[in-house]
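See structure below.
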Protein chains: 2
Amino acid sequence: MDTKASITIHDIARELNISASTVSRALNNNPRISKETKDRIKAKALEMGYQPNTIASNLRNQKTNTIGIVVPLINRHFFSAFISGVEEVAFAKGYNVIISQSNDLLEKEKQIVHSLFSNRVDGLIASLSMQTNEFDHYQLFSKKKIPIVFFDRVVPELEAHKIVVDDFGVGFKATEHLIEQGYKRIAHLAGPTVLHTYRDRMNGYRAALEKYNFEIDENLIIHNRLTRIDGQDAIKQLLALPQPPDAVFCGNDTSALSMIVYLKKIGVRIPEDFGIIGFSDEPFSEVVTPSISTLKQPAFDMGVKAGELLIQEIESKTRLKEHVTYTVPTELIQRESSSRKK
Amino acid sequence: MDTKASITIHDIARELNISASTVSRALNNNPRISKETKDRIKAKALEMGYQPNTIASNLRNQKTNTIGIVVPLINRHFFSAFISGVEEVAFAKGYNVIISQSNDLLEKEKQIVHSLFSNRVDGLIASLSMQTNEFDHYQLFSKKKIPIVFFDRVVPELEAHKIVVDDFGVGFKATEHLIEQGYKRIAHLAGPTVLHTYRDRMNGYRAALEKYNFEIDENLIIHNRLTRIDGQDAIKQLLALPQPPDAVFCGNDTSALSMIVYLKKIGVRIPEDFGIIGFSDEPFSEVVTPSISTLKQPAFDMGVKAGELLIQEIESKTRLKEHVTYTVPTELIQRESSSRKK
DNA sequence: GTGAAAGCGCTAACAG
DNA sequence: CTGTTAGCGCTTTCAC
């Protein structure tokens, strides 16, 4: 019978005629156990095929060595790269990672957060769903001083650590780049203004235009959800203006791509007649024709940073008073879609 | 003080002057508790902000409602889409998902599998690392009759459930498609033959050639790891042959893309002079120029299937005697890179 | 319909 | 250096 219940430290203890606590200590390398008995115990454990029961140990220690991650959708390049980064540091430091996706639904996000709490994760890393406009569920954690790190989609109101990109800088750099390339009328396809992220980027865009004494024309700013369809609709709308733009800074690479596809179809030359820059450097951005200029969001590094910050906070006895916000730099990647000058 | 230890069922019991077992039963909707007391208890629990301790319950129940996933790398489209599928069914059925990446390293894979076992996951879903040539670590699970589902990279020797694509069919369909498009000398860029997956695809390729009475030229079959560099090296090598091919079936879209980039650079027209078909339908495949013909691996659906199969097995009292293998169909997606005929 | 008591497997005082 | 004992929070027989 191999269905027999797992062997426990008691089984080992019995075999060796010693106490379970000694076994426990030996297995945990407690210095108070003589090397000799340690070896004997470990050998026996191996022989018997002992596998520690982490659950029991977790319960006893009030620590699970597990961190929870909440993302809108695992299957999106930015998030999976981020998670990959978190997992890497987590594993290195002996933590497991429980991952859940909210599907951008507030209700599911709430359930997940409760579930992770009940599973007593030692810390939480989360990016808010698009719907999230209340934050009580996170109070569970903050009340018990369990550290949280938010990333990407964060809200200023929330008292927690944050990892974000410099959105203002993103808008500014992208716009300035287009100006430097000699484009004269620059539009902006922005995401929903309810999200801070997009507001900041738009402000960066405005600031760059102002710096170079460009007129700010509200007709050139379009808000939508930045899907492929949205990108196509937006470029049509822009070209139909009495004074259409000759370049656009898109809120993501997906919408930038769909604009490019449309512009190519109607015979507009990129970058000669029209310049485009996107955001986030998707895997396809480098390989499409023309390749898409963009700003790279260092997803993996953000994950590493988030993991490190969280674990450090978990393991420090004293919780940080201040909530830190890491603003990670973005890198402008100039490719064909905006390279009018050499 | 809110750092005070969490409230337990005992706290609720004390407040209500009843026993902890009654509270436990009420919270679990045990029918033997009167509706009235149930309501009283639940109200109190809510009022006191009670959050069940899943760890304790897991220990007692010898069940964690958690499934472990092992993949080579989270941040790859196929795997993240697969995981997304697993997570979806898991969540719906009340399971958590612990994810780890092996980084294609056998040693890390072993560590992970042990760790997941120690965490007493109720079941395991895994895709082997490229290095994996021993399987003892999985015996842990099979010995204790904990169900495992392997997917994608599987080995026939392993006694477990499997979810795979029809690799032979993949090779056959891809090759036949190129033949139908009028290509005359068809090469194959294959992965390492140690992996069954790649052997089967190659056999499909051979079978298709035979069916149409094409000569099988071993010089046209190249084995490597299918990276971008590998793709470029392979196409150079192929073109340098005395009788170079006029089409190639690549083991993945990444190598297909790098071939396309190279061929464009040296002025070879695709698909007129040279045909290419890849495998797995990466996000970029549709949007590059020319778009890449490929076979779509239904990653998300495979994840759903794996999750369902595993959970069903977990929850059935009797383990299936027979190990089932689901072969999921792949769909040929014809795009520009191979469309010589209309 | 409810309570008392034992125990899941492990760890950590405390004692020696 | 090692053993005894108690307990993490929950569930579940077994009583009544």
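Letters A, B, ... are given to chains in the order of the sequence lines, protein chains preceding strands, and every chain is numbered from 1. Side chains are part of it too, since the values below use all heavy atoms of this structure and drop only hydrogens, waters and symmetry mates.
- Following rounding to the nearest Å, A:I9 (CD1) and C:dA12 (C1') show an atom-to-atom distance of 12 Å.
- When the P atom of C:dC10 is taken as reference, atom NZ of A:K63 falls 18 Å away, rounded to whole Å.
- Look at CG on B:N119: it is 20 Å from P on C:dC8, rounded to the nearest Å.
- For C:dG9, the base has no donor-acceptor partner in the side chain of B:R120 [N/O atoms by modelled type, under 3.5 angstrom].
- Residue A:S57 places none of its side-chain N or O atoms closer than 4.0 Å to OP1 or OP2 of C:dC10.
- Closest to the side chain of A:N53, from the set C:dC10, C:dG3, C:dT11, is C:dC10.
- A:S24 has no side-chain polar atom (N or O) that falls below the 4.0 Å cut-off from OP1 or OP2 of C:dC10.
- Taking 4.0 angstrom as the limit, B:Y50 places none of its side-chain polar atoms (N or O) nearer than this to OP1 or OP2 of D:dG9.
- C:dG3 atom P lies 14 Å from atom CZ of B:R14, rounded to whole Å.
- Dashed line: the shortest gap from a side-chain N or O of A:T37 to OP1 or OP2 of D:dT2 is under 4.0 Å.
- Note on A:N28: a side-chain N or O is less than 4.0 Å away from OP1 or OP2 of C:dT11.
- At the heavy-atom level, A:I18 lies under 4.0 Å from the strands shown only through sugar-phosphate atoms.
- The side chain of A:N61 contributes no N or O atom lying less than 4.0 Å from OP1 or OP2 of C:dC10.
- Side-chain nitrogen and oxygen atoms of A:S21 include none within less than 4.0 Å of the OP1 or OP2 phosphate oxygen of C:dC10.
- Side-chain atoms of A:K63 never come within 3.5 Å of backbone atoms of A:V121 as a donor-acceptor pair (strictly under, hydrogens ignored).
- Put simply, CG on B:L16 is 15 Å from C1' on C:dG1, counting in whole angstrom units.
- An OP1 or OP2 oxygen of D:dT11 is reached within less than 4.0 angstrom by no side-chain nitrogen or oxygen of B:Q62.
- Among the nucleotides D:dC1, C:dG9, C:dT2, the one closest to any side-chain atom of A:S34 is D:dC1.
- When the nearest nucleotides of DNA chain C are assigned to B:R40 and B:L59 by heavy-atom distance, the more 5′-ward of the two goes with B:R40.
- More than 12 non-hydrogen atoms from other residues, nucleotides or ligands lie less than 6.0 angstrom from NZ of B:K42.
- Using a cut-off of 4.0 Å between Lys/Arg side-chain N and Asp/Glu carboxylate O, B:K110 and B:E134 are scored as salt-bridged.
- For B:T8, no side-chain nitrogen or oxygen approaches OP1 or OP2 of D:dC8 to under 4.0 Å.
- Of the residues listed (B:T197, B:D104, B:T132), the one engaging B:R153 in a side chain to side chain donor-acceptor pair (under 3.5 Å) is B:D104, and it is the only one.
- Atom P of nucleotide D:dC8 and atom CG of B:D11 are separated by 11 Å, given to the nearest angstrom.
- Between the CG atom of B:N58 and the P atom of C:dG9 there is a distance of 13 Å, given to the nearest Å.
- Between A:K35 atom NZ and D:dC1 atom C1' the separation is 16 Å, expressed in whole Å.
- Minimum interatomic distance between A:F117 and A:L140 (heavy atoms only, all atoms of both residues): CE1-O, 3.6 Å.
- Salt bridge status for B:E87 with A:K108: present, with a side-chain N to carboxylate O gap under 4.0 Å.
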